[in-house]
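Before any comments, here is the structure.
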Amino acid sequence: MRPAYHPEGLYDDESKVASQRNAQTITQMWHQNGRCPEGTIPIRRTKEEDVLRASSVRRYGKKKRRSAPNPMSVDPDMLNESGHQHAIAYVEGDKYYGAKATINVWQPKIEQANEFSLSQLWILGGSFGQDLNSIEAGWQVSPDLYGDNNTRLFTYWTSDAYQATGCYNLLCSGFIQINNQIAMGASIFPISNYGGSQYDINILVWKDPKEGNWWLQFGNDYVLGYWPSFLFSYLADSASMIEWGGEVVNSEPDGSHTSTQMGSGHFPEEGFGKASYFRNVQVVDSTNNLKPPRGVGTFTEQSSCYDVQDGSNADWGTYFYYGGPGKNSNCP
């Protein structure tokens with residue numbers, strides 16, 4: 001399988017940006033030991049201890065419920081119910097057929113093994129009740145899932161608000177991989193340094209107008225695979241909300257806020273080289289064209305713990321800085 005169509009306008013801005021800065025190539029660590037032959041795909045091995053770290057075999061490879069941030073929710077009791085906290089930019093109120101972003105790559109510190117920190121985009125359909133459809137992709141640090149603190153490429157999907165359907169990567173059937181060079185859940189390298197070299201990855205998810213499947217592209221060269229449209233109800237047609245940003249689990253160890261970092265672990269106001277960013281944020285419209293998002297909102301549950309600041313300019317298009325240290329004097 002290959003997508004019948006790519007979104008229009010995909011490479012219009014890339015050539016300009018690439019010539020301005022040496023395109024740093026991001027590789028995966030396992031490439032040092034070889035590649036997969038034609039006609040096969042790389043699948044990260046699941047070991048017994050991976051499954052034993054999960055709360056149950058049935059929950060292995062799944063997110064907790066209420067994992068997608070609902071910027072429309074104003075009930076503060078809901079905000080920390082699942083222990084998930086976010087700092088995101090979002091658009092809603094239209095029909096969306098995909099989203100793209102260039103995501104700064106970091107290795108945030110995780111306080112508790114059952115917590116995680118990730119930076120991703122969400123393609124959402126339905127309500128935030130029982131029937132939410134979500135397609136997600138980005139990078140994450142999750143000791144529970146992977147058994148280490150490496151920054152890893154991941155995908156996620158659900159068609160019933162994280163209840164019974166869906167999973168990370170290839171841990172259940174759903175996402176169909178076609179690429180033999182990039183492994184889901186494999187470590188990303190190199191990682192950005194505070195005040196030093198910065199690295200980012202391109203993630204594009206779009207709906208093929210002909211077949212209706214949702215495709216995932218990593219970088220400019222790797223079409224990784226697709227989510228068949230039959231997995232979904234609302235997303236079988238289109239998405240009603242797109243979100244970009246960070247998510248952490250705050251398990252409130254010892255009753256205080258976790259010190260698990262989001263993004264670089266620094267607040268947005270520190271800016272480039274210090275705070276993590278999403279840049280060249282775009283949506284795919286009904287004519288299969290990549291466009292800057294209109295009417296971008298931002299949302300965070302506790303800005304004293306993790307925050308977000310958006311902006312736009314000629315080079316970076318729509319962008320935002322996001323993240324934070326978690327526990328600090330203003331976030332006890």
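Atom set for the values below is all heavy atoms of this structure, side chains included, hydrogens, waters and symmetry mates excluded.
- Remark: aromatic rings of Tyr321 and His266 are distant, center separation not under 6.0 Å.
- Side chains of Ser276 and Tyr322: a donor-acceptor N/O pair is present below 3.5 angstrom, by distance only.
- If you check the side chains of Thr40 and Asn180, you find no donor sitting under 3.5 Å from an acceptor.
- For Glu48, the CD atom sits in a loose shell: 12 or fewer heavy atoms of surrounding residues, nucleotides or ligands are nearer than 6.0 Å.
- From Ile88, atom CD1 reaches atom OG1 of Thr298 across 8.5 Å, with rounding to the nearest 0.5 Å.
- In this structure, Lys63 forms a cation-pi arrangement with Tyr156, its terminal cationic atom sitting closer than 6.0 Å to the ring centre and no more than 45° off the ring axis.
- Asn104 contributes atom CG, which lies 4.0 Å from atom OG of Ser192 (distance to the nearest 0.5 angstrom).
- Glu115 has no carboxylate O lying under 4.0 Å from a charged side-chain N of Lys109, or vice versa, which leaves the two without a salt bridge.
- Side-chain contact of Ser187 with Asn150: a donor-acceptor pair under 3.5 Å is present, judged by distance alone.
- Around atom OH of Tyr194, more than 12 heavy atoms belonging to other residues, nucleotides or ligands sit under 6.0 Å away.
- Between Lys95 and Asp237, at least one side-chain nitrogen of the basic residue sits less than 4.0 Å from a carboxylate oxygen of the acidic one, meeting the salt-bridge criterion.
- Note: Leu121 CG to Phe278 CZ = 7.0 Å, rounded to the nearest 0.5 Å.
- For Arg35, the CZ atom is densely surrounded, since the number of other residues' heavy atoms within 6.0 Å is greater than 12.
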